[in-house]
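Note that the structure is a prediction, hence the values are computed from the model and not measured.
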Amino acid sequence: MLLKGKTGIILGVANEFSIAWGCAKKAKEEGANLVLSYLNEKMKKRVEPLANEINAKIFEMDVTNKDSVKSFFENIKNNYESIDFLVHSIAFANREDLAGDFYNTSKEGFLMALEISAYSLIEVAREVVPFMKNGGSITTMTYIGSTRAVPSYNVMGVAKAALEANVRYLASNLGPKNIRINAISAGPINTLSARGISGFTNILKYTEEKAPLRRNVTIDDVGNVNNFLVSDLSSAITGQIIFVDCGMNILGV
């Protein structure tokens, strides 16, 4: 099994449609021992049954609260000697900042999107590094809206651009510790957060019609690639943006 004997943290499971859940399911299939996060007591009711399904521990973490992040990793310290991989699948922007004209983005909304969707990767990386004593792998989730102007993606596109820059700088910093970090740029997937994007169903339909593979991506597709990136098979890959979008990114028209 690809991940047998490895322990991983997966952040961002919200429900059974989450990309993070696809990563968790697939990692479990390959033998990983897993820890999941949940945002608050309300979200715990959704995450706990999923965690039980894969025999994973769960701990609370709100990445906008420094004490909450510290508490999460204190729980890790009390339960695990080391961590082999971490999956960061956390992003958020206010619905009103994903609609209308980008120049109307509020300062508060801009800062929130960047804090949750981009800065949080730096913060959790800093916390997990001491647990990766023998090296490890970190993955995060991005989207082509980081480099293309996608309708109604707005401030989230800016946040994903920052996230991808984070990946490169962290890869440079963490490489000497034998810690790798990469991002998966998935095609559109019908997740809870994606439904907040105006016209998202049209994007799904267009992708299915035009992508070279003539279908949309699934959370299992992303989970399979994530398994590769957190396994020893990708030992020489770091700082990369890996497209998992049925080939959509290669098209010009």
Does anything in residues 219-241 pair up under side-chain hydrogen bond (donor to acceptor under 3.5 Å, both in side chains), and if so which pairs, sequence neighbours excluded? K6-D232, K25-D220, T139-N226, R180-S234, R215-D221, T218-D221
Short side-chain to backbone donor-acceptor contact, N182 and I237, under 3.5 Å: yes
Using modelled atom types only, decide if a donor and an acceptor are shared between the side chain of S71 and the backbone of D67 within a distance under 3.5 Å. no
Got a donor-acceptor contact below 3.5 angstrom from the S18 side chain to the W21 backbone? no
hydrophobic_cluster_shared for V69 and I181, side chain cutoff 4.5 Å: yes
Do L163 and I242 sit in the same hydrophobic cluster, where Ile, Leu, Val, Met, Phe, Trp and Tyr count as joined when their side-chain heavy atoms come under 4.5 Å apart? no
With sequence neighbours left out, write down each residue that passes side chain to side chain contact (heavy atoms under 4.5 Å, CB included) with N55, or none if nothing qualifies. K28
Going by the rule side chain to side chain contact (heavy atoms under 4.5 Å, CB included), which residues pair with M112 if we only count those two or more places apart in sequence or in a different chain? F92, N94, I116
Side-chain touch P212/L251, heavy atoms, less than 4.5 angstrom: yes
Between D84 and G136 (side chain of the first, backbone of the second, donor and acceptor by atom type, cut-off under 3.5 Å), is there such a pair? no
M248 side chain near K210 side chain, heavy-atom distance below 4.5 Å: yes
N40 side-chain N/O to M43 backbone N/O, donor-acceptor pair under 3.5 Å: yes
With sequence neighbours left out, write down each residue that passes side chain to side chain contact (heavy atoms under 4.5 Å, CB included) with N178, or none if nothing qualifies. none
How long is the span from the CD1 atom in I184 to the CE atom in M141, to the nearest 0.5 Å? 4.0 Å
State whether the number of non-hydrogen atoms from other residues, nucleotides or ligands found under 6.0 Å of N134 atom CG is greater than 12. no
Just wondering, more than 12 heavy atoms not from Y169 lying within 6.0 Å of its OH? no
Distance col, row L86:CG vs I179:CD1, nearest 0.5 angstrom, shows 10.5 Å
Can you tell me how far apart OG (S185) and CZ (F243) are? Round to the nearest 0.5 Å. 4.5 Å
Mind listing the closest non-hydrogen atom pair of C246 and A211 along with its distance? O-CB, 3.7 Å
Does a side-chain heavy-atom distance below 4.5 Å link M156 with S117? yes
List the atom of A20, the atom of I10, and the distance in Å for their closest heavy-atom pair. O-CG2, 3.6 Å
After noting the C-alpha distance and the side-chain angles of I9 and F72, does the key distance pass the side-chain contact (heavy atoms from CB on, under 4.5 Å) rule? CA-CA 11 Å; I9 298 170; F72 179 90; 3.8 Å; yes
Give the C-alpha distance, both sets of side-chain angles, the deciding distance and a yes or no for side-chain contact (heavy atoms from CB on, under 4.5 Å) between R46 and L50. CA-CA 7 Å; R46 296 182 184 180; L50 298 175; 6.0 Å; no
Using the test salt bridge (Lys or Arg N to Asp or Glu O under 4.0 Å), find all partners of K70 that sit at least two apart in sequence or belong to another chain. E127
Do other residues, nucleotides or ligands put more than 12 heavy atoms under 6.0 Å from E81 CD? no
Check against side-chain contact (heavy atoms from CB on, under 4.5 Å), T105 and F102: CA-CA 6 Å; T105 304; F102 174 66; 3.4 Å; yes
For S120, the side chain to side chain donor-acceptor pair (under 3.5 Å) test, sequence neighbours excluded, returns H88
In this structure, would I76 and F85 fall into the same cluster of hydrophobic residues linked by side-chain contacts under 4.5 Å? no
Whichever hydrophobic residues join I122 through chains of side-chain contacts under 4.5 Å: Y119
Matching residue for T140 among V167, I90, L170, V124 - test: side-chain contact (heavy atoms from CB on, under 4.5 Å): V167
As a quick check of understanding, evaluate side-chain contact (heavy atoms from CB on, under 4.5 Å) for T7 and F131, giving each step before the final call. CA-CA 11 Å; T7 299; F131 294 95; over 6 Å; no
Non-hydrogen atoms of M132 and S137 that approach each other most closely: CE-O, 3.6 Å
Applying side chain to side chain donor-acceptor pair (under 3.5 Å), can you list everything that pairs with T142, at least two apart in sequence or on another chain? E164
Would you say L229 and V35 are hydrophobically clustered, going by side-chain heavy atoms of ILVMFWY under 4.5 Å? no
Only counting residues at least two apart or in another chain, list the ones meeting ring-ring contact (aromatic ring centres under 6.0 Å, His included) with Y143. Y153
Note, S37 side chain near I58 side chain (heavy atom, < 4.5 Å): no
Name all residues meeting the salt bridge (Lys or Arg N to Asp or Glu O under 4.0 Å) criterion together with E29; count only those two or more places apart in sequence or in a different chain, and write none if there are none. K26
Could you tell me whether the side chain of V47 reaches within less than 4.5 Å of the side chain of K44, counting heavy atoms only? no
Once side chain to side chain donor-acceptor pair (under 3.5 Å) is applied, do any residues pair with K133, and if so which ones, sequence neighbours excluded? none
Nearest heavy-atom approach of V150 to G145 is CG2-CA, 3.7 Å
Give the cluster check for I144 versus L98: same hydrophobic cluster or not, with ILVMFWY residues linked at side-chain heavy-atom distances below 4.5 Å. yes
K66 vs E123 side-chain heavy atoms within contact, under 4.5 Å: yes
Check whether any side-chain heavy atom of F110 lies under 4.5 Å from a side-chain heavy atom of D97, and answer yes or no. no
The reported gap from CG in L233 to CG in L2 (rounded to nearest 0.5 angstrom) is 5.0 Å
Qualifying residues under side chain to side chain contact (heavy atoms under 4.5 Å, CB included), relative to S68, sequence neighbours excluded: M61, D62, N65
Check: L34 and I54 side chains under 4.5 Å, non-hydrogen atoms: yes
If I take atom CD1 from residue I138 and atom CG from residue L174, how far apart are they, to the nearest 0.5 angstrom? 5.5 Å
Under 3.5 Å donor-acceptor, D245 side chain and A186 backbone: no
First locate atom CZ of R126, then atom CG of L121, and finally report the distance between them rounded to the nearest 0.5 Å. 11.0 Å
